[in-house]
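Please read all numbers here as calculations on a predicted model, not as lab measurements.
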Amino acid sequence: AVACVPQLLGIVLGPLVARAVPPAEATPSVAPAPVSPSSVGSRRGVALAFATGTVMAVAYSMLEGYLIPLRGGREFALDRTGVARLLIVAQLVDMVALMPVGLLADRAGLSRLLAAILAAAAVATVLVSFGDYSSVVIGAACLGLAMAGWMLPVALLRRDTPPARI
């Protein structure tokens, strides 16, 4: 339970990210929007990007490298193949969701999607940490969805950093 405490930051960061990123950014163009002087160097956006990236990195490394193998082997008596199947659930969901997450970020906007991705990481942490076997499988799928959005904090950095400094 103590190891999962950092993941709760995702629940706190979600609303902050949703408020920090303006909804006008949801443009269907492929080219990046020009950076306005008022948003250049926004410390709040940069801090949120680093905090969100840290939460996602901790969630991924803790769940994939520690909790899923540990709970799979000890509590569910899975052999290496069974643990690998749990891990592949997350990887398959990541591969399937990667393109739709990117398209949604372009269409619906970064703030809404990043908040949802943070919520998916928090749900994955809770399900994998405390659930029964079926909850762990669902949690692994939620982890895959969160992994599909790993690049969204980078979009926050790009929004708040002048192109010359990127």
Hey, does V128 have a side-chain heavy atom less than 4.5 Å from the side chain of Y66? no
Shortest non-hydrogen contact from A59 toward T125: CB-OG1, 4.5 Å
If hydrophobic clusters are built by linking Ile, Leu, Val, Met, Phe, Trp and Tyr wherever their side-chain heavy atoms come under 4.5 Å apart, do V137 and L63 end up in the same one? yes
Side chain to side chain contact (heavy atoms under 4.5 Å, CB included) assessment of V101 paired with W150: CA-CA 10 Å; V101 165; W150 71 267; over 6 Å; no
Restricting to non-hydrogen atoms, name the atom on G73 and the atom on V83 that form the minimum distance, rounded to 0.1 Å. N-CG2, 4.1 Å
Indicate the atoms forming the closest heavy-atom contact of L98 with A148, along with that distance. CD1-O, 3.4 Å
Atom CE in M151, atom CG in L114: separation rounded to 0.5 Å? 10.5 Å
For the atom pair CG (D106) and CG (L113), what is the distance rounded to the nearest 0.5 Å? 10.0 Å
Please determine whether residues F76 and L87 belong to a single hydrophobic cluster, defined as Ile, Leu, Val, Met, Phe, Trp and Tyr linked transitively by side-chain heavy-atom distances below 4.5 Å. yes
Any heavy-atom pair between the side chains of V136 and E75 that's under 4.5 Å? no
Do you know the tightest heavy-atom contact between I117 and M56? CG2-CE, 3.4 Å
Would a single hydrophobic cluster contain both V93 and L127, if residues Ile, Leu, Val, Met, Phe, Trp and Tyr are joined by side-chain heavy-atom contacts under 4.5 Å? no
M62, I138: one ILVMFWY side-chain cluster at the under-4.5 Å cut-off? no
Path from Y60 to L70 over hydrophobic side-chain contacts below 4.5 Å: yes
Considering only heavy atoms from C-beta outward, does the side chain of L143 approach that of V89 to under 4.5 Å? no
In Å and rounded to the nearest 0.5 Å, what is the OH to CG distance from Y133 to L86? 4.5 Å
